[in-house]
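Here's the structure, in structure tokens; my notes come after.
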2 protein chains.
Amino acid sequence: MVGSISTKDKILNTAIDLFSRSSFSAVSIRDITREVGIKESSLYYHFKNKDELLDCIFEIYREEIKKVCPPFEDLDYILTQTTPEQFLQQGLQKFKSYICDSPRMSKISRIVSSEQFSHPQARLIILNDLYEENIRFLEVVFAKFKDLGYIQDFPARLLAIEYQYPVFSMITQYLILQFEQQDTAELEKLLQEHVEFFFHKIKK
Amino acid sequence: MVGSISTKDKILNTAIDLFSRSSFSAVSIRDITREVGIKESSLYYHFKNKDELLDCIFEIYREEIKKVCPPFEDLDYILTQTTPEQFLQQGLQKFKSYICDSPRMSKISRIVSSEQFSHPQARLIILNDLYEENIRFLEVVFAKFKDLGYIQDFPARLLAIEYQYPVFSMITQYLILQFEQQDTAELEKLLQEHVEFFFHKIKK
DNA sequence: GTCTATAATGCGATAGAC
DNA sequence: GTCTATCGCATTATAGAC
């Protein structure tokens, strides 16, 4: 039925919510099914076991995080449409909003972070899908900025890292503040100032 | 007895080890006491309950992380002994070695990170003892650098954040690589390059 | 697709002997 | 300070009826 949410989705969304508010191992099947309004045994019709729930959640993260960077083939066109500073500013806003502004994605980000030392998959996601994918994309971007004569001559990978690593820390902090329902305005301002500071330092 | 390790310390060290390899809630009292070689009931002679173990671990982290920054009153003297770039380079090495090179402290850092959404204390530790304390210290450092005419005129807090936030991400990555027993040489080189890149951009 | 019933084990914690 | 014994309850997961 269009618009209605299947039991399977309800289970998954409830699991995401509960796991993100404590941890995978602290949440029981009973906790999840109580919230959904079904018996424990019914969950096993939809999911093989508790671990499969987490596997699904990790898979959602991997699928979603892929969407943050535009495909390389679109890059040249996009760069003709904006200034480099605008491009960076917009990219960062997009990155932040993908991870932090959707309640579902920010919950999943918390889960990945919490489970990084319990689940090898979570570590791979952080190292590869989050860190390396982003750095690789930005490396290409900064290489193009260099070719176009916008910026000074630094190794593109160093620029990518110096640009993106502060952002990872800001996101970490953002997820905690958001969880505590504290104000994030200062941090959002900081994100903008970061682009300004960074670009000002490397532009020609 | 001098040199011998008390049962209480053995319990605590075992808890640190096991919690850091999965998570607080995934490790049982039974797991810990089996490893120590005592019965479960004996643990309760030394610790009120399971939560008290975690409280002790968080307290150790707070005590240790305090030691990373030298006291403000020593700062002026230290700054006469080194160049600003040397000072930053040494400070970063100290920071990294405090957190990552002691097996105990790196385990505790992993625990704090894993429990950040399960335990409010862990969030406070990250936001206050780790982030804010460090930034506040560096803010003073960069303000002094400005007064001494070493660096260009940027807001000291912005400099502190731009300098330290990439380091937080590198430490995050370091803890994962270390846990996976992967090579960290590239990351250590990156830490040095970061100081060089950053200082080169802001020096007068 | 959801239910009842239940198995089999594990959990944190306590009482009281030595 | 460590032990044995035990309590009461929670846990994941399955079998089989409807």
Side-chain angles (χ1 to χ4, degrees), chain A residues 1-60 111 114-115 117-122, chain B residues 1-60 107-108 111 114-115 117-122:
Chain A
M1 271 204 290
V2 178
S4 77
I5 301 160
S6 68
T7 304
K8 183 162 183 169
D9 284 343
K10 270 189 218 161
I11 293 169
L12 200 53
N13 286 332
T14 306
I16 290 170
D17 187 58
L18 297 181
F19 292 161
S20 75
R21 287 198 270 140
S22 51
S23 74
F24 173 71
S25 62
V27 174
S28 68
I29 301 287
R30 204 165 293 185
D31 293 329
I32 298 167
T33 54
R34 188 191 305 121
E35 191 81 8
V36 175
I38 56 168
K39 296 291 167 188
E40 290 129 78
S41 54
S42 299
L43 183 142
Y44 291 92
Y45 174 80
H46 301 282
F47 297 92
K48 204 171 105 263
N49 53 32
K50 200 185 168 187
D51 281 315
E52 200 183 68
L53 277 170
L54 195 58
D55 290 341
C56 284
I57 293 169
F58 287 153
E59 206 40 55
I60 294 170
I111 296 171
S114 293
E115 304 305 325
F117 300 112
S118 312
H119 301 271
Q121 289 174 74
Chain B
M1 272 206 287
V2 179
S4 76
I5 301 161
S6 68
T7 304
K8 182 163 183 168
D9 283 343
K10 269 189 219 162
I11 293 169
L12 201 54
N13 286 332
T14 306
I16 289 169
D17 187 57
L18 297 181
F19 291 161
S20 76
R21 288 198 271 140
S22 51
S23 73
F24 173 71
S25 63
V27 174
S28 68
I29 300 287
R30 211 161 288 188
D31 294 329
I32 298 167
T33 54
R34 188 191 305 120
E35 190 82 7
V36 174
I38 55 169
K39 295 292 167 187
E40 292 147 68
S41 53
S42 299
L43 183 141
Y44 290 93
Y45 174 79
H46 302 281
F47 296 93
K48 206 173 104 262
N49 53 33
K50 200 186 167 187
D51 280 315
E52 202 184 69
L53 278 170
L54 194 58
D55 290 341
C56 285
I57 293 169
F58 287 153
E59 205 43 53
I60 294 170
K107 284 174 193 169
I108 296 179
I111 296 170
S114 292
E115 304 305 325
F117 299 113
S118 311
H119 301 271
Q121 289 173 74

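The shown structure was predicted, so the numbers you read here are calculated from the model rather than taken from an experiment.
For B/Asp17, the salt bridge (charged side-chain N to carboxylate O under 4.0 Å, His left out) partners two or more places apart in sequence, or in a different chain, are B/Arg21, B/Lys107. Taking A/Glu40 as the reference, A/Arg30 meet the salt bridge (charged side-chain N to carboxylate O under 4.0 Å, His left out) condition, with sequence neighbours excluded. Under the ring-ring contact (aromatic ring centres under 6.0 Å, His included) criterion, B/Phe117 pairs with A/Phe179, not counting sequence neighbours.
B/Val36 places none of its side-chain heavy atoms less than 4.5 Å from the side chain of B/Leu43.
At D/dG1, none of the side-chain N or O atoms of B/Ser42 fall inside 4.0 Å of OP1 or OP2 (strictly under the cut-off). Residue B/Tyr45 has a polar side-chain atom (N or O) positioned under 4.0 Å from OP1 or OP2 of D/dG1.
Rounded to whole angstrom, the span from the CZ atom of B/Phe47 across to the P atom of C/dG12 amounts to 15 Å. Regarding A/Lys39, its NZ atom lies at a distance of 10 Å from the P atom of C/dA5, rounded to whole Å. Distance, B/Phe24 CZ to C/dC11 P: 13 Å, rounded to whole Å. Put simply, CG on B/Leu43 is 14 Å from P on D/dG1, counting in whole angstrom units.
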Nucleic acid footprint by protein, nucleotides 11-18 of chain D - heavy-atom cut-off 4.0 Å, B for base, S for sugar-phosphate alone:
BBBBB---

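Residue pairs meeting the ring-ring contact (aromatic ring centres under 6.0 Å, His included) criterion with at least one member in residues 20-50 of chain A, sequence neighbours excluded, are A/Phe19-A/Phe24, A/Phe24-A/His119. Residues in residues 49-60 of chain B take part in these side chain to side chain donor-acceptor pair (under 3.5 Å) pairs, two or more places apart or across chains: B/Asp55-B/Gln121.
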